[in-house]
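For reference, the structure discussed in these notes is given below.
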Amino acid sequence: MAVLTVIAFHAGAIGGGFIGVDVFFVISGYLITLQILRQLEAGRFSLAEFYRRRIKRIAPAMLLVVFVTVVLAELVLRPTDSEAVARSAFWSLA
């Protein structure tokens, strides 16, 4: 539902595509909180393990997106604009 709302916004079918993003964050927050609570109840919650799993899940996609963005920016943008993209990429990775 969240993804469809964002797609509909970008297709011009509805206004307020941010609603889809809000729905995504609410559902994601609920599921993560539920997972943490269950692990706390079982006595096996680890903050380090929590962040390790998040990084393992998110980092590959983030690295791919940053890499492709920098390469495409270098190919299609003016040098000053591609430099700005490279700086943003650096700080995104930092």
I27-I19 co-clustered via ILVMFWY side chain contacts under 4.5 Å: yes
V3 reachable from V6 in the ILVMFWY side-chain graph, under 4.5 Å edges: no
Residues that, via side-chain heavy atoms closer than 4.5 angstrom, fall in one hydrophobic cluster with W91: F90
Linked hydrophobic residues, L4 as query - side chain contacts closer than 4.5 Å: none
Of all residues at least two apart in sequence or in a different chain, which pass the side-chain contact (heavy atoms from CB on, under 4.5 Å) check with [X]?
X: I36; result: I32, L40, F45, F50
X: L77; result: A73, D81, S82, V85
X: V71; result: F67, L75
X: V68; result: L64, L72

Polar side-chain atom of T69 near backbone of V65 as donor-acceptor pair, under 3.5 Å: yes
Gap between atom CG of L47 and atom OH of Y51 - 0.5 Å precision: 5.5 Å
Point-to-point distance, once rounded to the nearest 0.5 Å, from NE2 of H10 to OG1 of T5: 11.0 Å
Pair listing, salt bridge (charged side-chain N to carboxylate O under 4.0 Å, His left out) test, anchored in residues 82-94, at least two apart: none
Residues that R52 engages under side-chain hydrogen bond (donor to acceptor under 3.5 Å, both in side chains), provided they are two or more places apart: E49
Sequence neighbours excluded, every pair satisfying side chain to side chain donor-acceptor pair (under 3.5 Å) that has a member inside residues 30-46: Q35-R54
